[in-house]
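For reference, the structure discussed in these notes is given below.
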Amino acid sequence: MDQEQILARIAAMVDDERRLRDAVASGRIDSATEHERLGELERALDQCWDLLRQRRAKSEFGENPDEARVRPSSQVEDYQG
């Protein structure tokens, strides 16, 4: 996945997060469902931000950014981009 694809995926997940919050506010889903889905989104976002950071670091230091790999969510949890 290249940088533009990663950024597009991040944007889509942020939109999903907004829709989830709207759905719980309007009563279409319950808070337990929202909490579960938000947790999944947050883990996926952490992985995307980490992958983006890896790609940028590799580029900055003259390495091939395509060698960056998605790391397990447990390894990148709560990454602050």
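For the atom pair L45 CG and L52 CG, the distance stands at 11.5 Å (nearest 0.5 Å). Summarising the geometry, atom CE belonging to M13 is positioned 9.5 Å from atom CH2 belonging to W49; distances are rounded to the nearest 0.5 Å. Rounding to the nearest 0.5 angstrom, the gap separating the CG atom in N64 from the CZ atom in R55 is 8.0 Å. Taken from CG in D46 to CD in Q75, the straight-line distance is 12.0 Å, to the nearest 0.5 Å. Atoms CD and CD1, on E36 and I29 in that order, are 10.0 Å from each other to the nearest 0.5 Å. Interatomic distance, SG of C48 versus CE of M1, reported as 5.5 Å (0.5 Å rounding).
Looking only at side-chain heavy atoms (C-beta outward), L38 and R21 come within less than 4.5 Å of each other. Contact of the T33 side chain with the R37 side chain is registered, since non-hydrogen atoms from C-beta on lie closer than 4.5 Å. The shortest side-chain heavy-atom distance between R56 and Q3 falls under the 4.5 Å cut-off. R69 has its side chain out of reach of L51: every pair of non-hydrogen atoms, C-beta onward, lies at least 4.5 Å apart.
The pair R53-D50 counts as a salt bridge, with a side-chain nitrogen and a carboxylate oxygen less than 4.0 angstrom apart.
A distance-only check finds a donor-acceptor pair linking the side chain of Q5 to the backbone of D2 [under 3.5 Å]. Between the Q47 side chain and the R71 main chain, a donor and an acceptor come within less than 3.5 Å of each other.
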Inset, instruction - Assess whether side-chain contact (heavy atoms from CB on, under 4.5 Å) is satisfied between V24 and D30, documenting all intermediate values. - result: CA-CA 6 Å; V24 80; D30 60 43; 5.9 Å; no

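Partners of D16 according to the salt bridge (charged side-chain N to carboxylate O under 4.0 Å, His left out) rule, which considers only residues two or more places apart in sequence or in another chain, are R19.
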